[in-house]
Amino acid sequence: MSDSLVILGSQWGDEGKGKIVDLLAPDYDYVVRYQGGSNAGHTVIVGNKKYALHLIPSGILHKGKKNIISNGVVIALEELLSEMDKVRDVVEDFEGKLFISDRAHIVFPHHKILDGLSEKAKGKNKVGTTLKGIGPAYMAKYARTGIRIADLFDPNYFRKRLEASVSEAKEIAEKVYNQKFDLDINKIYYNTLDMFEKIKPLVADTSLMLDTALKKGEKVLFEGAQGTMLDIDMGTYPYVTSSNSSALGLCNGTGVSPREIGKAKVYGVSKAYVTRVGAGPFPTELHDGDGQKLRDEGHEYGTTTGRPRRCGWLDLVALRFAARINGMDGIIITKLDVLDHFDEIKVAVAYEYEGAVIRDFPASLQVLEKCKPVYKTLKGWDRSTKGIKKKEDIPKEAWEFIKIVEEETETPVVMLSTGPERTEYVWIK
Ligand code: IMP
């Protein structure tokens with residue numbers, strides 16, 4: 001049995017995975033990002049310094065770790081380079097520490113333009129994307145017009161692909177969105193090749209690297225981005241991201257077989273409540289003072305976009321679904337301390353839909369829109385749990401909360417995160 005581990009979001013993203021990956025990283029040889037792109041945002045606090053990471057795995061802040069951006073990630077090279085600069089006080093030389101898949105696709109400026117046009121055209125039905133060009137980059141990938149890191153090794157081939165890609169984007173802009181945009185292909189071409197020179201020594205066949213590492217028994221920590229409920233296949237479609245942000249994305253995102261990946265443990269990270277950025281169904285959303293209190297206490301504003309996050313009570317219907325599709329071995333609850341000063345805490349254990357009680361997360365948005373949460377109300381603990389590190393310090397009312405999560409999801413809660421610092425957590429199993 002391998003000791004590799006998957007840490008992924010079991011809600012709509014922003015569950016605090018970055019901090020968990022960061023605190024667990026010392027026990028692993030590799031840390032791997034396998035889907036999404038710079039739409040993700042992880043804040044890691046080390047000492048009194050805050051690092052906002054979007055593309056580079058959180059393991060980069062630790063000495064001696066190999067960090068991989070694997071083939072399932074879409075990479076905006078300018079953002080990758082600027083992020084490398086931001087962590088330069090910790091990492092001077094990235095060789096041997098950061099590896100970039102030769103099969104990863106590149107996000108280009110025209111993808112960002114298309115992201116904006118598509119959102120604008122959707123009007124009030126917009127997805128609320130991060131406007132980082134993620135969707136259009138994955139569209140190009142699946143339309144087989146995308147450009148991969150490997151393509152940059154042959155500048156002539158790259159030039160042809162780039163010209164085709166830009167002219168396709170222009171055609172989409174004109175025909176679909178009735179808009180024209182100007183882009184200097186030469187500039188993008190030379191810029192991309194310049195940027196590529198800087199990362200060339202880091203490019204690798206990461207599928208092979210990972211397969212070899214896993215077979216040798218090296219320990220790999222897989223770091224999911226976004227969350228299960230934003231998964232392109234299993235999430236609240238169409239209000240989702242464009243990749244498989246559940247455990248389902250592990251094989252295609254790393255190029256490693258299900259046989260090897262399947263040996264890793266899976267821990268799903270869940271806030272003690274729910275947040276969501278962008279549009280889409282959110283059955284337990286609160287529009288009242290409790291919602292604002294969660295936002296204020298939890299500092300719920302996006303790392304990537306700064307947008308205020310929508311907030312609501314913990315949704316165990318969604319968490320039960322996430323536990324099942326991810327095969328979760330454990331749940332890590334973050335931000336428990338945000339609930340510290342509520343007299344009553346609610347958790348949704350089912351939905352009521354047209355008079356019937358349902359416990360399984362429905363596919364249809366029309367059904368979801370009409371679902372009313374069936375809540376269990378728990379007594380608050382009115383005591384600070386901020387920064388607690390010992391099981392004995394967990395209030396008995398908080399144990400009740402944990403018990404309900406475990407019963408309803410049939411999954412053990414293994415850890416509580418009790419603050420943003422690396423040291424603020426307690427294993428409870
Ligand atoms: P996109 O990934 O930028 O295309 O955005 C699609 C949806 O996923 C939008 O609702 C975004 O707000 C959401 N999203 C994307 N990345 C994240 C993330 O890291 N955390 C939370 N939500 C995200």
Side-chain angles (χ1 to χ4, degrees), residues 7-21 33-44 52-58 69 72-76 79 83 105 107-108 111-122 124-142 223-246 249 253 268-271 273-282 285 295 298-312 315 318 322 334-335 365 368:
I7 293 288
L8 48 76
S10 42
Q11 300 172 312
W12 279 272
D14 308 316
E15 297 91 349
K17 303 172 287 289
K19 175 223 158 140
I20 306 296
V21 171
R33 261 294 299 276
Y34 56 92
Q35 42 73 225
S38 48
N39 50 350
H42 287 167
T43 308
V44 182
L53 300 177
H54 299 278
L55 272 166
I56 303 181
S58 317
I69 301 180
V73 178
V74 288
I75 305 175
E79 291 177 35
E83 213 168 302
H105 280 246
V107 182
F108 284 99
H111 295 138
K112 296 187 185 179
I113 294 174
L114 287 181
D115 202 352
L117 292 177
S118 155
E119 282 289 89
K120 204 165 156 211
K122 288 192 177 86
K124 68 174 178 35
N125 294 323
K126 72 175 184 180
V127 177
T129 75
T130 57
L131 301 174
K132 295 279 182 181
I134 306 298
Y138 278 114
M139 275 166 73
K141 170 174 173 172
Y142 288 102
E223 173 180 13
Q226 292 87 46
T228 302
M229 306 311 285
L230 289 169
D231 185 278
I232 183 78
D233 283 282
M234 301 305 286
T236 47
Y237 192 90
Y239 298 99
V240 290
T241 193
S242 311
S243 64
N244 285 112
S245 47
S246 69
V269 184
S270 166
K271 276 181 191 166
Y273 50 97
V274 176
T275 64
R276 180 163 197 174
V277 281
F282 180 175
E285 182 170 16
R295 188 172 306 111
H299 311 291
E300 296 297 354
Y301 297 88
T303 327
T304 303
T305 59
R307 289 179 287 181
R309 296 179 182 141
R310 300 156 66 195
C311 298
D315 184 342
T334 59
K335 293 191 144 183
L365 286 198
L368 259 176

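A quick note: this is a predicted structure, and the numbers were derived from the prediction, not measured. For the single chain, residues carry numbers from 1 onward in sequence order. First listed ligand is number 1; within each ligand, the first listed atom is number 1.
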Looking at ligand 1, would Lys132 count as a contact under a 4.0 Å heavy-atom criterion?
no
Side-chain donor-acceptor contact under 3.5 Å, Thr129 with Asp115
yes
Lys17 side-chain N/O to Gln226 backbone N/O, donor-acceptor pair under 3.5 Å:
yes
Quickly, which of Arg310, Lys335, Arg295, Arg276 forms a side-chain hydrogen bond (donor to acceptor under 3.5 Å, both in side chains) with Glu300? Name it, please.
Lys335
Residue portion contacting ligand 1 (non-hydrogen atoms closer than 4.0 Å) for Lys126
neither
So for ligand 1, is Ser242 a polar contact partner (N or O within less than 3.5 Å, distance only)?
no
Where is the nearest protein heavy atom to atom 2 (O) of ligand 1: which residue, which atom, and how far?
Thr241 OG1, 2.6 Å
Check each atom of ligand 1 against the heavy atoms of Asp14 and keep those under 4.0 Å away; list them by number with element.
20 (N), 21 (C)
Does an N or O from Val277, backbone or side chain, lie closer than 3.5 Å to an N or O of ligand 1?
yes
Which of the ligand 1 atoms, numbered from 1, are nearer than 4.0 Å to a heavy atom of Val127:
6 (C), 10 (O)
Side-chain donor-acceptor pair present, Glu15, Thr334, cut-off under 3.5 Å
no
Measure from atom 3 (O) of ligand 1 to every heavy atom in Thr130, Ile134, Val74 and give the option owning the shortest one.
Thr130
Has Asp231 got a side-chain atom pairing as donor or acceptor with Asp233's backbone, closer than 3.5 angstrom?
yes
If I compare all heavy atoms of Ser245 with all of Ala225, which pair ends up nearest, and what's the gap?
CB-O, 3.4 Å
Could you list which atoms of ligand 1 come closer than 4.0 Å to a heavy atom of Trp12?
21 (C), 22 (N)
Is there a side-chain contact between Arg307 and Thr130 in this structure, where contact means two heavy atoms from C-beta onward sitting under 4.5 Å apart?
yes
In terms of residue, atom name and distance, what is the protein heavy atom nearest to atom 5 (O) of ligand 1?
Thr129 CA, 3.3 Å
Any side-chain to backbone donor/acceptor pair from Glu79 onto Leu55? Under 3.5 Å, distance only.
no
Taking OH in Tyr301 as the centre, count heavy atoms belonging to other residues, nucleotides or ligands within less than 6.0 Å. Is the count above 12?
yes
Using a 4.0 Å heavy-atom threshold (strictly under), name the region of Tyr239 that reaches ligand 1: side chain, backbone, both or neither.
neither
Tell me the contacting part of Leu230 for ligand 1: side chain, backbone, both, or neither, using a 4.0 Å heavy-atom threshold, strictly below.
side chain
Considering non-hydrogen atoms of the protein only, which is the closest contact for atom 6 (C) of ligand 1, and what is the distance?
Val240 O, 3.3 Å
Could you check whether any side-chain heavy atom of Ile7 comes within less than 4.5 Å of a side-chain heavy atom of Glu223, counting everything from C-beta outward?
no
Taking the non-hydrogen atoms of Arg276, is any one of them nearer than 4.0 angstrom to ligand 1?
no
Flag Asn39 as yes when one of its N or O atoms lies below 3.5 Å from any N or O atom of ligand 1, and as no otherwise.
yes
With the threshold set at under 4.0 angstrom, would you say Ala225 reaches ligand 1 through any of its heavy atoms?
no
Gln11, Lys17, Gln226: member with heavy atom nearest to atom 15 (C) of ligand 1
Gln226
Are any of the N/O atoms on Gly128, whether in the backbone or the side chain, positioned under 3.5 angstrom from an N/O atom of ligand 1?
yes
Could you establish whether Asp115 and ligand 1 come within less than 4.0 Å of each other, counting only heavy atoms on the residue side?
no
Quick check on contacts: which atoms of ligand 1 are under 4.0 angstrom from a heavy atom of Arg307?
12 (O)
Heavy-atom check, side chain of Gln11 versus side chain of Asp315, under 4.5 Å:
no
Without hydrogens or angle criteria, can the side chains of Ser243 and Gln35 be said to hold a donor-acceptor pair below 3.5 Å?
yes
